[in-house]
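As a basis for the values below, the full set of heavy atoms in this structure was taken, side chains included, without hydrogen atoms, waters or symmetry mates.
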Amino acid sequence: MTKKLKWVSFVIAALLVFLAACSNNGGGKEPSAAPPATGGPTSDAGDVEDNLGVKPVTFSFYGHYDWMTTAPWGDNEATKWIQENLKVNVNPVQAGGAAEEKLNTMIVGNDLPDVIFTDRGAVVERLVKAGKLVALDEYYDKYPNFKKYVKESTFNLLRSEDGKIYQIPNWYTAGTFGNGGWMVNKDIYNELGRPKLETFDDLYDYLLQVRDKYPNVVPLEVGEKGAGLDIMYGGFKENATSHDIGLKGYPDGDKLVSIFEDQAYKELVLYINKLFRERLITQDALQQTQDAVKEKVNTGRVAVMIESNITTYGAEGHRALTNANPDSGYEIIWPIRKAGLDKDKIFVSGFESLGWNVNVITTEAKDPEAIFAYYDWITGPEGQKVLFFGPKGLFWDEENADGSPIPNEAYKTGDVNERTEKMRKFEDFNWAGNTTFIDTAKMNLEMALSENQRSWETIAQSTVTWATSKDVTEYVNTEPIPETEIGVILQNVNDIYTVAFAKMVHAKSDEEVLAVLEQAKKDSNKAGLDKLLQFRTEKWQENVQKINAGH
């Protein structure tokens with residue numbers, strides 16, 4: 001173990017001891033006084049508090065991400081509505097671009113926020129073991145919405161080792177969702193005669209045409225830091241996604257086998273290198289920023305793109321291009337695949353029924369039940385409508401039989417970009433997103449519009465991206481805690497992989513690619529990849545049992 005890792009392990013161990021010592025202090029800090037309500041949309045919610053159990057509460061909220069900045073509460077129509085009608089107020093705690101340092105400071109100072117918004121895994125389990133999180137089982141039984149919308153198998157996967165549930169899921173689903181995929185620039189595709197784009201051979205031929213005819217256009221755009229490169233893996237193998245690359249192992253029966261042994265992975269890196277050598281991919285693909293990618297997409301300097309969030313890039317780029325020419329824009333296409341594979345068994349994205357991340361309520365919260373009650377309201381129909389579409393009277397006045405909002409004239413005739421920006425700000429506060437409800441409501445709302453009014457994103461999702469997303473829920477919770485032996489192995493294997501992948505992308509020949517791949521396999525095996533895959537296999541099989549028990 002390196003000196004740096006030893007030091008990190010020592011610090012974390014010390015923090016855990018400190019937390020455990022503090023966990024019996026009991027009580028919690030007093031919430032700040034609620035700010036006075038000020039003007040905004042009026043409510044016809046009636047006795048919301050009596051019906052749903054929401055009561056006035058103020059709590060602090062910390063988003064544990066370097067990139068995340070929580071906007072002031074009450075600064076948009078949705079949170080102002082909540083502030084005035086539910087008497088719920090939130091005091092944001094910012095990470096300031098340094099989430100780990102911020103959290104460690106709060107831990108050492110015994111000054112945790114009431115709610116932490118974070119990834120599942122290490123952070124949560126550390127706090128559980130230190131006794132600093134509130135078990136939520138009794139609240140899940142008492143309040144109606146999570147029990148109604150979250151599958152029983154999903155609940156089982158939320159349980160910690162002590163059998164209790166400490167986590168509130170965000171963007172969980174009972175159905176299918178996914179935003180990854182392929183799109184083409186319509187102008188270029190039409191000008192080149194709309195040739196068949198189904199296989200990787202078709203794609204290669206098309207990209208050559210683009211390179212030779214459009215010197216200022218990127219033939220294949222692969223997203224921020226080359227994120228789309230891994231995603232192509234699903235096109236080389238049926239019933240697979242790039243999630244296998246993240247695991248560093250692919251399923252073979254009931255065990256995980258090294259990704260470096262996978263023929264499909266070998267074909268992937270050889271193909272990527274071929275495209276890179278022939279300048280068919282951005283030459284700074286592994287370093288480029290999101291802003292650089294957006295600039296190319298929004299100005300039409302991209303012929304083909306693959307990305308895990310193609311719906312966002314595509315919707316924004318499509319709006320930018322069609323503002324200048326209604327016939328321009330981008331078009332979603334079915335995923336590219338290796339010749340001979342079944343197109344209906346090719347997947348781009350992987351999704352988990354647990355969704356994206358979780359909220360945990362710490363023992364610092366004075367009234368954890370009130371906080372949970374608010375989250376249960378968020379995840380229900382009214383909360384989802386307010387925090388996704390905005391409060392009643394803004395973009396909708398009525399709803400259909402299943403509770404989906406019906407678009408009003410402001411939604412239909414208002415500026416699309418302005419509406420999208422407003423809704424994006426609402427969504428930033430939707431911390432218990434109910435994917436199934438929102439996807440259904442969004443689709444119903446869009447279908448109520450004329451065809452030329454429907455959003456690019458909704459069309460892409462309903463026709464391609466949802467259908468080409470695979471359920472990978474069974475692999476959740478397979479990440480080891482960083483300071484453990486397996487956690488250190490994972491870090492070392494990831495480091496080996498990152499360096500090797502960059503070398504394979506930039507290699508001068510197929511032979512060099514294969515040599516780097518072979519060396520990465522040897523180095524990873526020496527670093528303990530077999531132990532990592534054994535650990536993950538055991539966790540995976542435990543998940544399978546939990547999922548089956550929930551059916």
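Taking the six-membered ring where the residue is Trp, the centroids of Phe177 and Phe351 are separated by under 6.0 Å. The six-membered or imidazole ring of Phe236 lies near that of Phe200, with a centre-to-centre distance under 6.0 Å. Ring-centre distance between Tyr172 and Tyr149: not below the 6.0 Å cut-off. Between Phe276 and His506, the gap from one ring centroid to the other is short of 6.0 Å. Here Tyr475 and Trp540 bring their ring centres to under 6.0 angstrom of each other. A centroid separation of 6.0 Å or more is found between the aromatic rings of Phe388 and Phe426.
Between Lys338 and Glu198 there is no salt bridge, since no side-chain nitrogen of the basic residue lies less than 4.0 Å from a carboxylate oxygen of the acidic one. Ion pairing between a basic and an acidic side chain is recognised when a charged N comes within 4.0 Å of a carboxylate O; Arg120 and Glu352 show such pairing. For the pair Lys539 and Glu479, the salt-bridge criterion is not met [side-chain N within less than 4.0 Å of a carboxylate O]. The existence of a salt bridge linking Arg419 and Asp415 is excluded, since no basic side-chain nitrogen approaches an acidic carboxylate oxygen closer than 4.0 Å. Salt bridge present: Asp510 and Arg277 bring a charged side-chain N and a carboxylate O closer than 4.0 Å. Ion pairing between a basic and an acidic side chain is recognised when a charged N comes within 4.0 Å of a carboxylate O; Lys213 and Glu191 show no such pairing. A salt bridge links Glu518 with Lys521: at least one charged nitrogen is closer than 4.0 Å to a carboxylate oxygen.
A donor-acceptor pair shorter than 3.5 Å cannot be found between the side chains of Thr465 and Asn179. Thr289 and Asp291 are not linked by any side-chain donor-acceptor pair at a separation below 3.5 angstrom, with hydrogens and angles left out of the test. Under the 3.5 Å distance criterion, with hydrogens and angles disregarded, no donor-acceptor pair is assigned to the side chains of Asn156 and Ser153. Gln545 and Glu474 are not linked by any side-chain donor-acceptor pair at a separation below 3.5 angstrom, with hydrogens and angles left out of the test. There is a side-chain donor-acceptor pair under 3.5 Å between Glu316 and Asn298. Side chain to side chain, Gln167 and Asn359 fail the donor-acceptor criterion of an N or O pair below 3.5 Å.
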Working for side chain to side chain donor-acceptor pair (under 3.5 Å), residues Asp523 and Gln519: CA-CA 6 Å; Asp523 291 344; Gln519 188 61 50; 2.9 Å; yes
Derivation and outcome, side chain to side chain contact (heavy atoms under 4.5 Å, CB included), residues Val472 and Phe347: CA-CA 11 Å; Val472 294; Phe347 297 95; over 6 Å; no
Residues Asp530, Gln534; criterion side chain to side chain donor-acceptor pair (under 3.5 Å); working and verdict: CA-CA 6 Å; Asp530 59 333; Gln534 181 180 353; over 6 Å; no
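Side-chain atoms of Arg337 do not come within 3.5 Å of backbone N or O of Ile346 as any donor-acceptor pair. When atom types are taken as modelled, the side chain of Thr435 and the backbone of Trp171 share a donor-acceptor pair closer than 3.5 angstrom. Remark: side-chain polar atoms of Ser509 are paired, donor with acceptor, to backbone N or O of Glu512 under 3.5 angstrom.
Residue Lys508 places its NZ atom among 12 or fewer non-hydrogen atoms of other residues, nucleotides or ligands, all under 6.0 Å distant. Taking a 6.0 Å sphere around NZ of Lys343, one finds it holds more than 12 heavy atoms contributed by other residues, nucleotides or ligands. For Arg194, the CZ atom is densely surrounded, since the number of other residues' heavy atoms within 6.0 Å is greater than 12. More than 12 heavy atoms of other shown residues, nucleotides or ligands fall within 6.0 angstrom of atom NZ in Lys296.
Here the closest heavy-atom approach between residue His318 and residue Gly329 is recorded as ND1-CA, 3.3 Å. Val217 approaches Val210 most closely through the heavy-atom pair CG1-CG1, 4.1 Å. Nearest heavy atom pair, residue Leu533 against residue Gly249, reads CD2-CA, 3.9 Å. Closest heavy-atom contact between Ala315 and Trp456: N-CE3, 3.4 Å.
Contacts of Glu224 classified as salt bridge (charged side-chain N to carboxylate O under 4.0 Å, His left out), with partners at least two apart in sequence or in another chain: none.
For the side chain to side chain donor-acceptor pair (under 3.5 Å) criterion with Thr173, the lone passing option out of Thr473, Asn434, Thr154, Thr436 is Thr436.
A cation-pi arrangement is present between Lys237 and Tyr250 under the rule of less than 6.0 angstrom and at most 45 degrees off the ring axis.
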